[in-house]
Asks: 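There's a structure below that I have some questions on.
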Amino acid sequence: SVPDGGSTALGLDEITAGLREALRVGTQTVVSNVGQTDGFNGNSEIHIPLPDTLSKVQSTLKMVGASALADDLELRLNRAAEAAAPRARSVFVQAITDMTLEDVKAIYEGPNDAATQYFRKNMSGPLTESMRPVVDGALSDVGAIQAYDQMIGEYKSVPFVPDVKADLTTYVLGKALDALFLYLAREEAAIRENPAKRTTDLLQKVFAK
């Protein structure tokens, strides 16, 4: 537990430094893992499917032998998330720097996902603001917008189909943030529980409690 008034050998300064180091290590690992080719697309746990609003489009295109258009768009949505994920690194670093001593105490004494809960509560807004233009640009850069237009054009050529719409940026952004927090919680728990994940002397000292 956190010492009271320096009554133990492990002081609050060391705990603060150790916790911040652990969070920097954990967030770096997560962002690097998901922010690479197939970080999303090749991972069944966080692979991004087409939005529910486009499921009718997907099934209709399959019936007319044009399912490749939907498959192509799905791949490009995952590529956009992979391209945008590295932007989260600087936001995490700033949030770690801005943590107060009260934040540090609560996280250090909290459950295995205390830091992740803190980040989700305090960083969802800044992450969304920072990553939205990146996701928007990535969707264009990887050809997702063009693929969407082509898919919808083919879909509308089928008689009597209902209208559909999808906000691809909001959808991909939400899925990307969910994945970041999912894996950050696992990294945090591993650093707390698994000595092999404590990659520096400071981490070993602070988390060997």
Side-chain angles (χ1 to χ4, degrees), residues 1-40 42-43 45-48 81-135 138 172-209:
S1 64
V2 175
D4 182 10
S7 59
T8 70
L10 191 60
L12 186 55
D13 286 348
E14 282 186 305
I15 290 171
T16 301
L19 182 62
R20 285 179 170 151
E21 185 171 335
L23 295 177
R24 280 192 291 269
V25 169
T27 54
Q28 171 70 35
T29 299
V30 170
V31 170
S32 296
N33 286 344
V34 302
Q36 60 179 323
T37 301
D38 283 338
F40 278 84
N43 185 335
E45 195 169 35
I46 59 173
H47 175 90
I48 301 176
E82 291 159 7
R87 181 62 176 266
R89 183 181 294 116
S90 61
V91 183
F92 277 120
V93 168
Q94 187 60 51
I96 292 165
T97 302
D98 291 344
M99 283 191 306
T100 66
L101 291 180
E102 289 74 18
D103 295 331
V104 170
K105 284 184 178 182
I107 291 170
Y108 185 69
E109 294 180 330
N112 279 353
D113 66 342
T116 304
Q117 290 180 33
Y118 170 83
F119 282 148
R120 186 182 283 277
K121 177 182 177 182
N122 293 282
M123 290 177 53
S124 290
L127 278 169
T128 298
E129 182 180 349
S130 176
M131 290 178 65
R132 180 176 291 278
V134 184
V135 170
V172 170
L173 182 55
K175 291 292 187 183
L177 293 182
D178 285 346
L180 286 171
F181 288 128
L182 172 69
Y183 280 97
L184 182 57
R186 292 182 183 175
E187 280 296 311
E188 180 185 355
I191 288 171
R192 289 177 185 266
E193 295 180 340
N194 180 5
K197 293 289 287 188
R198 300 171 198 153
T199 53
T200 70
D201 290 341
L202 182 57
L203 291 184
Q204 291 169 19
K205 183 175 183 180
V206 169
F207 290 96
K209 56 176 181 172

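Only heavy atoms go into these numbers, but all of them, side chains included; no hydrogens, no water, no symmetry mates.
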Asks: Strictly distance-based, threshold 3.5 Å: is any side-chain N or O of Gln28 a donor or acceptor partner for the main-chain N or O of Val25?
Replies: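 Pair absent, no side-chain N/O of Gln28 close to backbone of Val25.
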Asks: Output a table of donor-acceptor pairs, distance under 3.5 Å, between side-chain atoms of residues 173-185 and any protein atom two or more places apart or on a different chain; print 'none' if there are none.
Replies:
residue: Tyr183; atom: OH; partner: Asn43; partner atom: ND2; Å: 2.9
residue: Tyr183; atom: OH; partner: Glu45; partner atom: OE1; Å: 2.7

Asks: When rounded to the nearest 0.5 angstrom, what distance separates CD in Glu187 from CG in Leu23?
Replies: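 Between atom CD of Glu187 and atom CG of Leu23 there are 11.0 Å.
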Asks: Could I get the full list of side-chain contact (heavy atoms from CB on, under 4.5 Å) partners for Arg24, not counting sequence neighbours?
Replies: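 Arg20, Glu21, Ile96.
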Asks: Which pair of non-hydrogen atoms, one from Gly39 and one from Ile46, has the smallest distance, and what is that distance?
Replies: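 Gly39 and Ile46 have their closest heavy atoms at O-CD1, 3.4 Å.
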Asks: Could you work out, with ring-ring contact (aromatic ring centres under 6.0 Å, His included) as the rule, every residue matching Phe40, not counting sequence neighbours?
Replies: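 Counting only residues at least two positions away or on another chain, Phe40 forms no ring-ring contact (aromatic ring centres under 6.0 Å, His included).
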Asks: Under the ring-ring contact (aromatic ring centres under 6.0 Å, His included) rule, collect the residues that match up with Tyr118, sequence neighbours excluded.
Replies: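 Checked Tyr118 against ring-ring contact (aromatic ring centres under 6.0 Å, His included); zero matches.
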Asks: Restricting to non-hydrogen atoms, name the atom on Tyr108 and the atom on Leu19 that form the minimum distance, rounded to 0.1 Å.
Replies: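 Here Tyr108 and Leu19 meet closest at N-CD2, 4.4 Å.
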Asks: In Å and rounded to the nearest 0.5 Å, what is the CZ to CG distance from Arg186 to Asn112?
Replies: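 One finds 13.5 Å between CZ of Arg186 and CG of Asn112.
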Asks: Would you give me the side-chain donor-acceptor pairs under 3.5 Å for residues 125-132, sequence neighbours excluded?
Replies:
residue: Thr128; atom: OG1; partner: Ser124; partner atom: O; Å: 2.7
residue: Ser130; atom: OG; partner: Arg87; partner atom: NE; Å: 3.2
residue: Arg132; atom: NH1; partner: Thr170; partner atom: OG1; Å: 3.2

Asks: Rounded to the nearest 0.5 Å, how far does CE of Met123 lie from OG1 of Thr27?
Replies: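 These two atoms lie 8.0 Å from each other.
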Asks: Can you name the residues that form a side-chain contact (heavy atoms from CB on, under 4.5 Å) with Pro86, not counting sequence neighbours?
Replies: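 Pro86 satisfies side-chain contact (heavy atoms from CB on, under 4.5 Å) with Val31, Arg89 only.
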Asks: So which pairs with a foot in residues 12-39 pass ring pair (Phe, Tyr, Trp, His ring centres under 6.0 Å), sequence neighbours left out?
Replies: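 For residues 12-39: none.
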Asks: Test of understanding: with side-chain contact (heavy atoms from CB on, under 4.5 Å), list the residues that count as partners of Ala114, not counting sequence neighbours.
Replies: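 Per chain and number, Ala114 pairs via side-chain contact (heavy atoms from CB on, under 4.5 Å) with Ile107, Pro111, Glu188, Arg192.
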